[in-house]
Amino acid sequence: MRVKSWAGILAVMALAGVAGADPAVQDRSALRVPGGLAFAEFRGYEAWQPVAVSQVPEGLKLIAANPVMMAAYRQGLPADGKQFPDGSKIVKIEWAPRPNPASPYPVTVPGALMSVSFIEKDLKRFPATHGWAYAQFLYDPATGAFKPNGTGSECGYACHTAVAAQDYIFTGYPKR
C-alpha cells in the first residue's frame, strides 16, 4: 500500500511515538551498543522535530532531529560540500506498516515498533568516520524492551559513504 499523504503519515507517526511511549517498561539509560553509542546520549529524542518520513517494504520511518541539526537543515543541508555542525543528532523510529481500519480510504499507518536508530556528529570523538557515529536498538514487542544491534559507533558508516558529498546524511528536509 502506498502512502497517500506524507504530511498525514508524519503527523500520525509523531503521535504514535508520543502515545506509544511507556517509560515503565525498561530503563533505557543503561543501553549501549557494545563499543558504541548509548541510548542515554539521546534523551528527549521523542520531542525532536520531524525532518521527514521514509517508507521501505518492511517499515515506516520517522526521521527527527535535535535543535542543532534542525538549524542546519533550515540552512539548506545536506548539500554538496556543506557540513553539519558537531552536536547534530538524528533519530529514525521504525514501525511495521499496517492499514488503518478506521480510514474511509486506503492508508498505511505505524503498527508495531521495530527499532530506534541514532546518529550523532562529534568530530573529536569519531574522527575515523568524519565525525559520525551510529547506533541501532531493536525493539521486542513481546518483552517491551530494546536491545542493541551491532557493535561500535561505526556500524552504520559503510552505508552512509554513498552520500559522503552530503556529509553522510541521506534524508533531506522537504518543503513544508
Side-chain angles (χ1 to χ4, degrees), residues 6 10 13-14 17-18 21 23 25-95 110 113-140 145-176:
W6 286 112
L10 180 61
M13 291 174 79
V18 172
V25 172
Q26 179 184 31
D27 177 13
R28 300 175 188 176
S29 63
L31 287 175
R32 173 181 294 279
V33 170
L37 295 174
F39 212 105
E41 294 181 61
F42 298 87
R43 281 192 175 94
Y45 74 88
E46 300 93 335
W48 291 354
Q49 286 191 293
V51 174
V53 295
S54 63
Q55 181 177 2
V56 295
E58 310 81 36
L60 301 172
K61 299 177 186 186
L62 169 66
I63 295 99
N66 72 347
V68 172
M69 193 153 185
M70 285 305 300
Y73 270 120
R74 289 189 181 105
Q75 291 173 6
L77 277 81
D80 285 344
K82 293 185 178 181
Q83 305 289 305
F84 284 94
D86 277 3
S88 293
K89 295 182 180 181
I90 200 164
V91 61
K92 280 193 294 187
I93 306 169
E94 184 173 5
W95 295 272
L113 179 62
M114 296 170 60
S115 68
V116 175
S117 301
F118 299 111
I119 304 173
E120 175 181 2
K121 184 154 189 191
D122 185 331
L123 281 164
K124 289 180 183 154
R125 280 178 68 192
F126 314 108
T129 54
H130 300 274
W132 292 104
Y134 308 84
Q136 183 180 51
F137 298 90
L138 302 177
Y139 182 73
D140 180 4
F146 287 94
K147 68 175 183 177
N149 185 36
T151 60
S153 57
E154 69 285 342
C155 63
Y157 179 70
C159 290
H160 284 255
T161 59
V163 287
Q166 297 178 175
D167 197 18
Y168 300 87
I169 295 297
F170 283 100
T171 304
Y173 187 66
K175 189 161 184 72
R176 307 246 192 278

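Every heavy atom of this structure was used, including side-chain atoms; hydrogens, water molecules and symmetry mates were not.
- At least one side-chain heavy atom of Tyr73 sits under 4.5 Å from a side-chain heavy atom of Ile169.
- Looking at heavy atoms from C-beta onward, Pro78 lies out of side-chain contact with Val163 at the 4.5 angstrom threshold.
- Between Val116 and Gln136 there is no side-chain heavy-atom pair separated by less than 4.5 Å.
- The two residues Pro148 and Leu31 come nearest to each other via the heavy atoms CD-CD2, 4.3 Å.
- One N or O on the side chain of Thr129 and one on the backbone of Trp132 form a donor-acceptor pair closer than 3.5 Å.
- Nearest heavy atoms, Ser115 versus Leu138: CB-CD2, 4.0 Å.
- The distance from the OG atom of Ser88 to the CE atom of Met70 is 11.0 Å, given to the nearest 0.5 Å.
- The shortest heavy-atom contact between Ile93 and Tyr45 is CD1-CE1, 4.0 Å.
- Proximity of Tyr157 to Ile119: side-chain heavy atoms (C-beta onward) are nowhere separated by under 4.5 Å.
- For the atom pair CD (Glu94) and CD (Gln55), the distance works out to 11.0 Å, reported to the nearest 0.5 Å.
- Two rings, from Phe118 and Tyr134, have their centers 6.0 Å or more apart.
- Side-chain atoms of Arg32 and Leu37, non-hydrogen and from C-beta on, never get closer than 4.5 Å to each other.
- Here the closest non-hydrogen pair linking Pro85 and Val68 is CG-CG1, 3.7 Å.
- Counting heavy atoms from C-beta on, the side chains of Gln49 and Arg74 come closer than 4.5 Å.
- A pairwise comparison of heavy atoms in Ala65 and Trp48 identifies O-CB, 3.1 Å as the closest pair.
- With sequence neighbours left out, Asp167 forms a salt bridge (charged side-chain N to carboxylate O under 4.0 Å, His left out) with Lys121.
- Expressed to the nearest 0.5 Å, how far OG of Ser54 lies from CD1 of Ile63 amounts to 3.5 Å.
- Applying the side-chain contact (heavy atoms from CB on, under 4.5 Å) test to Arg43 and every residue at least two apart in sequence or in another chain returns Ser29, Ala40.
- Looking only at distances, no side-chain donor or acceptor of Asn66 sits under 3.5 Å from a matching main-chain atom of Ile90.
- Among pairs with a residue in residues 123-135, those fulfilling salt bridge (charged side-chain N to carboxylate O under 4.0 Å, His left out) read Glu41-Arg125, Glu120-Arg125, at least two apart in sequence or across chains.
- Here the CZ atom belonging to Phe39 is positioned 10.5 Å from the CG atom belonging to Asp27, to the nearest 0.5 angstrom.
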Problem - Derivation and outcome, side chain to side chain contact (heavy atoms under 4.5 Å, CB included), residues Trp95 and Leu62 - result: CA-CA 9 Å; Trp95 295 272; Leu62 169 66; 3.8 Å; yes
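- Taking all atoms of both residues into account, the shortest heavy-atom contact from Ala135 to Val33 is CB-CG2, 3.6 Å.
- Taking NZ of Lys89 as the reference point, atom CG of Asp86 lies at 11.0 Å (rounded to 0.5 Å).
- Atom CG of Asp140 sits about 12.5 Å away from atom CE of Met114, to the nearest 0.5 Å.
- Ring to ring, Tyr168 and Phe84 are not that close: their centroids are 6.0 angstrom or more apart.
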